Amino acid sequence: MEKFRVTPWEVKGEVDYDKLMREFGTEPITQGLLERMRKLFGELHPLLERKLFYTHRDLSWWLDNYEKKKLIALYTGRGPSENTHIGHLIPWILTKWIQDRTNAPLFFQFTDDEKYFFKENLSIEDTKRLAFENMLDVAALGFDKKKTFFILDTHHAGLLYPLAVRVAKKITFSTVRAVFGLNNSSNIGQIFYTAMQAVPVMLPKHLTGKDHAVLIPMGIDQDPHFRVARDVLPRLGYNKPACLHSKFFPSLMGSSKMSASSPDSTIYTTDTPKEVERKIKKKALTGGRDTAEEQRKLGGRPEICPIYQYYMYLFEPDSKKLEERANACRAGKILCGECKQELIDRINKFLEKHQEKREKLRDSINEWLLSEDHMP
Ligand code: TYM
């Protein structure tokens, strides 16, 4: 098997998730933890139930704090290098679900500096503009505005920089080189950047003067930042953050992670119905057979089908119906064309509403930024 590689900036090859968990040193989300969350929250989100969020760091500690009514917070983010695709929504959807159940304040970081450092062809004006576009997607998911604080790295530099320097002083170049795979020709912004991603963990205490337990839902590619931050923050008087890691929502071509490098196999939240239809009909791979006749005889293979995974991650919340779909596919009772068409309809229905909400928010999106008038 081709060797895979996962860093915050690159996912290559077929990801072996168990191996990745061992490499990163994260813990599996056990059935016991799932049952505890079901009890605490009254239900389990399908992303948890289906183990698409599969590892964590210190989740029990965070739940203890919630249960004992101590101060908690949520933190997640986005590196604005392009429009949002539906893979990005995975950690945000779970974050919203947790916020709805815990009422925790959420710090949402938009790292326009990061994407400027890491993307050759983007200016700092581009990444800032994209950050505002991405903010519309986050707000459109329905977060509680009173409890949700957007942070834009260049905009909030005065607040963030004095905290980032304290983190940066405790991280050596050799750590950054080993953890992130940077090297002597990496620009020095890249080398510094991880300090900026640690800072929102410090904000709840910095802004209120009180210790908080912070939970960070994210795709597992972002974990290396927090492996480093967890090492440093206790030495600066802050709690280590807890983490929740998801697997990757796949590209339409079935490769491990939906990403911008192949726009034709990526569904953006800004795509038109026609674009969604074209990409799914023309580009998406399936677990189907070569001919309809063969498929009726041998059945399809949901295990290897990206279309099926789209239902599993986002577009079939009912687990019984999901199982029925898999069984019908295996038995050759539904063909790929039907399955694709139904997915196109579901995605377009979701996007139509999402795009409407985005546009309604456009004029007031600045109000979501952390400010003197919008503070926890
Ligand atoms: P970014 O913009 O690359 O991704 C934003 C979030 O989406 C997750 N993600 C995915 N999850 C599932 N399936 C996919 N195909 C997929 N693609 C991306 C990422 O893991 C991430 O959680 N440096 C960060 C921005 C950031 C951040 C944070 C992220 C700043 N602070 C705290 C998480 C937590 C970035 O560039 O993410």
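Side chains included, hydrogens not; waters and symmetry mates left out as well; all remaining heavy atoms used. For clarity, every value in this text was computed on a predicted model and none was experimentally measured. Start at 1 and go down the list; that is how both ligands and their atoms are numbered.
Remark: the backbone N or O of L182 is not paired with any side-chain donor or acceptor of R177 at under 3.5 angstrom.
Under a 4.0 Å heavy-atom criterion, P91 is in contact with ligand 1. In this structure, F226 is part of the shell of residues with a heavy atom less than 4.0 angstrom from ligand 1.
With hydrogens left out, the protein atom closest to atom 11 (N) of ligand 1 is G87 O, 3.3 Å, a heavy atom. At the shortest separation from atom 17 (N) of ligand 1 among protein heavy atoms lies K257 CE, 3.3 Å. Q222 OE1, 3.2 Å is the protein heavy atom nearest to atom 24 (C) of ligand 1. Of all protein heavy atoms, the one lying nearest to atom 19 (C) of ligand 1 is D221 OD1, 3.7 Å. The nearest protein atom to atom 4 (O) of ligand 1, hydrogens excluded, is given as H88 CD2, 3.5 Å; this is a heavy-atom distance. The protein heavy atom nearest to atom 6 (C) of ligand 1 is G77 O, 3.8 Å. The protein non-hydrogen atom at the shortest distance from atom 31 (N) of ligand 1 is Y75 OH, 2.8 Å.
Side-chain polar atoms of E359 and Q355 form no donor-acceptor pair below 3.5 angstrom. Side-chain contact check for D373 and S371: no donor-acceptor pair (N or O, by modelled atom type) lies under 3.5 Å. For the residue pair E82 and Y268, a side-chain donor N or O sits within less than 3.5 Å of a side-chain acceptor on the partner.
For the pair Q109 and ligand 1, the shortest N or O to N or O distance falls below 3.5 Å. Residue G79 has at least one N or O atom closer than 3.5 Å to an N or O atom of ligand 1. Looking at T76 next to ligand 1, no N or O pair under 3.5 Å apart turns up. Considering backbone and side-chain N/O of F249, one or more are found under 3.5 Å from N/O of ligand 1. By the 3.5 Å distance cut-off applied to N or O atoms, Q197 is counted among the residues near ligand 1.
Between Y193 and H225, a ring centre-to-centre spacing shorter than 6.0 Å is recorded. The six-membered or imidazole ring of Y310 lies near that of F249, with a centre-to-centre distance under 6.0 Å.
Evaluation of the ring-ring contact (aromatic ring centres under 6.0 Å, His included) rule for Y17 yields Y54 as partners, not counting sequence neighbours.
In this structure, R346 pairs ionically with E342, as a charged nitrogen and a carboxylate oxygen lie closer than 4.0 Å. A salt bridge links D100 with K96: at least one charged nitrogen is closer than 4.0 Å to a carboxylate oxygen.
Applying the salt bridge (Lys or Arg N to Asp or Glu O under 4.0 Å) definition to pairs two or more places apart or across chains, those involving residues 101-112 are E43-R101.
Only the side chain of I216 comes within contact range of ligand 1, with a heavy atom under 4.0 Å; no backbone atom does.
Numbered from 1 in the order shown, with element, the atoms of ligand 1 that lie under 4.0 Å from a heavy atom of G219 read 19 (C), 20 (O), 22 (O).
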